[in-house]
Amino acid sequence: MIKDRKLIIAGNWKMNKTAAEGVALVTELKRLLGHVKEVDIVVCPPFTALCEVSKVILNSNIYLGAQNMNENDDGAYTGEISAHMLKEFSVRYVILGHSERRTYQKEDDELISKKVRKAHASAIKPIVCIGETLEQRDRGETFEVLERQIHGSLAGLTAEQMLDTIIAYEPVWAIGTGRNATPEQAQEAHAFIREVLARKFGKEVSQRVRIQYGGSVKPSNARDLMSQPDVDGALVGGASLDARSFSEIILSCLW
Ligand code: PGA
């Protein structure tokens with residue numbers, strides 16, 4: 001299957017891996033995936049591992065992402081990290097609006113949209129996470145939730161910035177549960193997201209934006225999910241912590 005949009009598969013390490021463990025993981029990934037050109041490969045370590053990991057993957061086919069950043073340039077924001085600080089380690093991507101941050105840090109769409117705009121102003125590509133909870137799905141509100149999150153978290157973006165934005169559709173009920181969305185469920189949501197993007201930014205832009213699926217992606221289901229016409233990659237949590245399973249996911253998607 002040939003797609004116009006290049007697949008982008010990112011590993012979200014969450015609050016796992018010391019710098020030394022991160023170095024060991026990317027060293028192994030470089031060995032297993034050094035030949036892969038067909039997929040954009042991204043690792044998103046915790047802040048404390050960015051510096052050491054960036055040195056290992058310098059000039060390789062593995063790009064660096066962060067898991068969050070602050071919406072301000074600098075100043076009195078204890079415990080926060082700015083875009084400028086991330087740039088020091090050649091961070092190219094930043095995950096914004098992950099459901100864990102929406103839940104535990106109470107991040108809302110308005111805050112997320114400020115972070116997204118700051119990422120663009122700093123030439124970092126945001127990976128913007130959206131997705132419904134199980135209760136919302138059961139109540140038949142999935143599309144409504146997705147539409148609200150798209151308009152809210154992408155507020156104020158130009159069409160050009162949208163092209164440099166990645167959307168991650170992550171149904172909350174599939175994250176860390178072992179229960180992935182079926183390929184059909186993922187495709188249905190992705191097609192809807194593209195439709196909303198078409199209305200907001202125009203059809204041409206919507207056709208070029210990459211939409212990742214996230215939620216219990218593993219070597220055994222990655223290929224079926226990625227085969228769907230509107231699924232352009234994956235945001236992988238648990239299975240990205242192990243070099244072999246993360247590389248198997250990527251290698252299984254080289255059609
Ligand atoms: P999971 O996490 O792959 O462990 O379900 C995905 C994510 O939260 O991005």
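Note that ligands are numbered from 1 as they come in the structure, with each ligand's atoms numbered from 1 the same way.
Considering G176, S240, A10, S99 only, the shortest heavy-atom separation from atom 5 (O) of ligand 1 involves G176.
A174 counts as a contact of ligand 1, since one of its heavy atoms falls under 4.0 Å from the ligand. For the pair G214 and ligand 1, no heavy-atom separation below 4.0 Å is found.
Ion pairing between E170 and R102 fails under the 4.0 Å rule for side-chain N and carboxylate O. For the pair D232 and R194, the salt-bridge criterion is met [side-chain N within less than 4.0 Å of a carboxylate O].
Contacts of I175 with ligand 1, taken as heavy-atom pairs under 4.0 Å, involve both backbone and side chain.
Side-chain atoms of R208 do not come within 3.5 Å of backbone N or O of M162 as any donor-acceptor pair. Under the 3.5 Å distance criterion, the side-chain polar atoms of S216 are matched with a main-chain donor or acceptor of A174. With hydrogens and angles disregarded, no donor-acceptor distance shorter than 3.5 Å links the side chain of Y93 to the backbone of I95.
Closest to atom 4 (O) of ligand 1, if we only count protein heavy atoms, is G238 N, 2.8 Å. Looking from atom 3 (O) of ligand 1 to the surrounding protein, the closest heavy atom is G237 N, 2.8 Å. What sits closest to atom 9 (O) of ligand 1 on the protein, heavy atoms only, is E170 OE2, 2.7 Å.
Atoms of ligand 1 lying under 4.0 Å from at least one heavy atom of G215, given by number and element, are 5 (O). Proximity to H98 (heavy-atom distance under 4.0 Å) selects the following atoms of ligand 1: 7 (C), 8 (O), 9 (O). Residue-ligand proximity, N12 to ligand 1, at heavy-atom distances under 4.0 Å covers atoms 9 (O).
Using a 3.5 Å distance cut-off with no hydrogens or angles, the side chains of W173 and E135 do not pair a donor with an acceptor.
Transitive grouping of hydrophobic side chains (ILVMFWY, heavy atoms separated by less than 4.5 Å) brings V217 and I130 into a common cluster.
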